[in-house]
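One structure is given below, encoded as structure tokens.
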Amino acid sequence: MRLLIDVGNTSLKAVLWQDGQIQPCDTNNIPWLQITVVVYACVGRSELLKQLLEKAQAQNIDCFEATVSHELGTLHCAYQQVGNLGIDRWLALISGYTLYPNTAAIVVDAGTATTIDVLNNDGQHLGGWILPGLDLMTASLTQNTQRVFDDENTPFANELGKNTPNGLKNGALVATIGAIEQAKLHLNTKNSLLIFAGGYGQLLQGYFSDSIFDPMLVMKGLNYWYELAKKS
Ligand SMILES: Nc1ncnc2c1ncn2[C@@H]1O[C@H](COP(=O)(O)OP(=O)(O)O)[C@@H](O)[C@H]1O
Ligand SMILES: CC(C)(COP(=O)(O)O)[C@@H](O)C(=O)NCCC(=O)O
Ligand SMILES: [K+]
């Protein structure tokens, strides 16, 4: 059984992988005796990750940190400085490319930040964008202005705002939707996939017909990375 860990800037997520199945994992109750390997990715800071890795090492369980490379199989990274690309972005691309081979895709991971990455059908990552996540967009405005205020109960909606919280929330949403629309212009095919992941992935997916929401995209990427990296 594999323990897969993804550390973002908001939270640490862990799942168990066995025989092609992913199960949720409570980090307070990890079945250590059944774990054969730990595969992890980290873009944030996490004391909990340190503790989990120490526990694994104390039990002689191999731990592998996923890294970005210029290529993995036939997938190619757009960054020259591959070490600068967030590993969560690379794992989401690995997942997209493995689950939907030979298909151009736009991969959106909407968490603390919203990342938008463009992949052509040859497996070439063309590049992408980093936007503040929806919460960061609204918080940066409420924190840096006198009169812009938020309201917990106001939803994000693709509509014009007629009060301040609506204007704030809807502005963040349409900025994000607009960026995704711009990404489509970088692919010269109508047959591209639009894949969403992350805490706000489901909300955003709802605004794009024929798109996919896969909350396990990065976790699946960790597993594929481990299997592909082991081979090479
Ligand atoms: N249903 C949800 N579950 C988790 N996070 C959510 C949900 N809806 C919105 N969010 C927001 O998504 C962000 C966390 O997303 P996540 O992908 O876990 O982030 P990260 O990878 O940066 O840690 C937070 O801003 C949180 O408020
Ligand atoms: C852009 C990110 C902060 C997104 O992280 P998240 O929202 O998942 O916490 C992360 O992928 C990162 O730190 N990237 C490094 C910069 C880059 O990708 O170019
Ligand atoms: K993200």
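From a predicted model like this one, the values you see are computed outputs, not experimental measurements. In listed order, ligands and their atoms are each counted from 1. What you see below is based on every heavy atom in this structure, not just the backbone, and it leaves out hydrogens, waters and symmetry mates.
In this structure the side chain of T98 never reaches within 4.5 angstrom of the side chain of W225, judged on heavy atoms. Side-chain contact check for Y97 versus H76: every heavy-atom pair is 4.5 Å or farther apart. Under the 4.5 Å side-chain criterion, counting only non-hydrogen atoms from C-beta, N191 is not in contact with T103. Between L187 and L126, some side-chain heavy-atom pair lies under the 4.5 Å cut-off. Looking only at side-chain heavy atoms (C-beta outward), L173 and I177 come within less than 4.5 Å of each other.
Remark: among candidates G199, A139, G44, G201, the nearest residue to atom 8 (N) of ligand 1 is G199, based on non-hydrogen atoms. Comparing heavy-atom distances from atom 14 (C) of ligand 1 across G111, G133, P215, S46 singles out G111 as nearest. Of the listed residues (G86, A41, G44), the one carrying the non-hydrogen atom nearest atom 12 (C) of ligand 2 is G86. Heavy-atom proximity to atom 7 (O) of ligand 2, evaluated over A110, A113, G111, is greatest for A113.
Counted within 6.0 Å of NZ on K230, heavy atoms from surrounding residues, nucleotides or ligands total more than 12; the atom is thus considered enclosed. Crowding of Q202 atom CD: a count of heavy atoms from other residues, nucleotides or ligands under 6.0 Å not exceeding 12.
Among the atoms of N9, some N or O lies under 3.5 angstrom from an N or O of ligand 2. Checking only distances, G8 never comes within under 3.5 Å of ligand 2, N or O to N or O. Residue R89 has at least one nitrogen or oxygen atom sitting less than 3.5 Å from a nitrogen or oxygen atom of ligand 2, judged on distance alone.
Counting backbone and side-chain atoms alike, D88 contributes no N/O/S atom closer than 3.4 Å to the K ion (ligand 3). At a cut-off of 3.4 Å, R89 is not counted among the residues with an N, O or S atom near the K ion (ligand 3).
With a 4.0 Å heavy-atom cut-off, ligand 2 is reached by no atom of I87. The proximity of D88 to ligand 2, defined as any non-hydrogen pair under 4.0 Å, is limited to the side chain.
In this structure, atom 11 (C) of ligand 1 lies nearest to the protein heavy atom Y200 CE1, 3.4 Å. When hydrogens are left out, the protein atom nearest atom 24 (C) of ligand 1 is D135 OD2, 3.9 Å; that is the closest non-hydrogen contact.
Against a heavy-atom cut-off of under 4.0 Å, S11 is close to the following atoms of ligand 1: 18 (O), 23 (O). Shown in contact with G198 at under 4.0 Å from a heavy atom are these atoms of ligand 1, numbered in order with element: 17 (O). Shown in contact with K13 at under 4.0 Å from a heavy atom are these atoms of ligand 1, numbered in order with element: 16 (P), 17 (O), 18 (O), 19 (O), 20 (P), 21 (O), 23 (O). Contact atoms of ligand 1 toward G8: 20 (P), 21 (O), 23 (O) (distance under 4.0 Å to a heavy atom of the residue).
Ring orientation note: the planes of H186 and W129 are nearly perpendicular, at an angle over 60° on the 30°/60° scale.
The name of the N, O or S atom in D109 nearest to the K ion (ligand 3) is O.
Although no hydrogens or angles enter the test, the distance criterion places a donor-acceptor pair under 3.5 Å between the side chain of Q205 and the main chain of S211.
Taking each heavy atom of M1 and P31 in turn, the nearest pair found is SD-CG, 4.1 Å. Pairing each heavy atom of D214 with each of K220, the nearest pair is OD2-NZ, 2.7 Å.
Proximity of D109 to ligand 2 is not established, as no heavy-atom distance is less than 4.0 Å.
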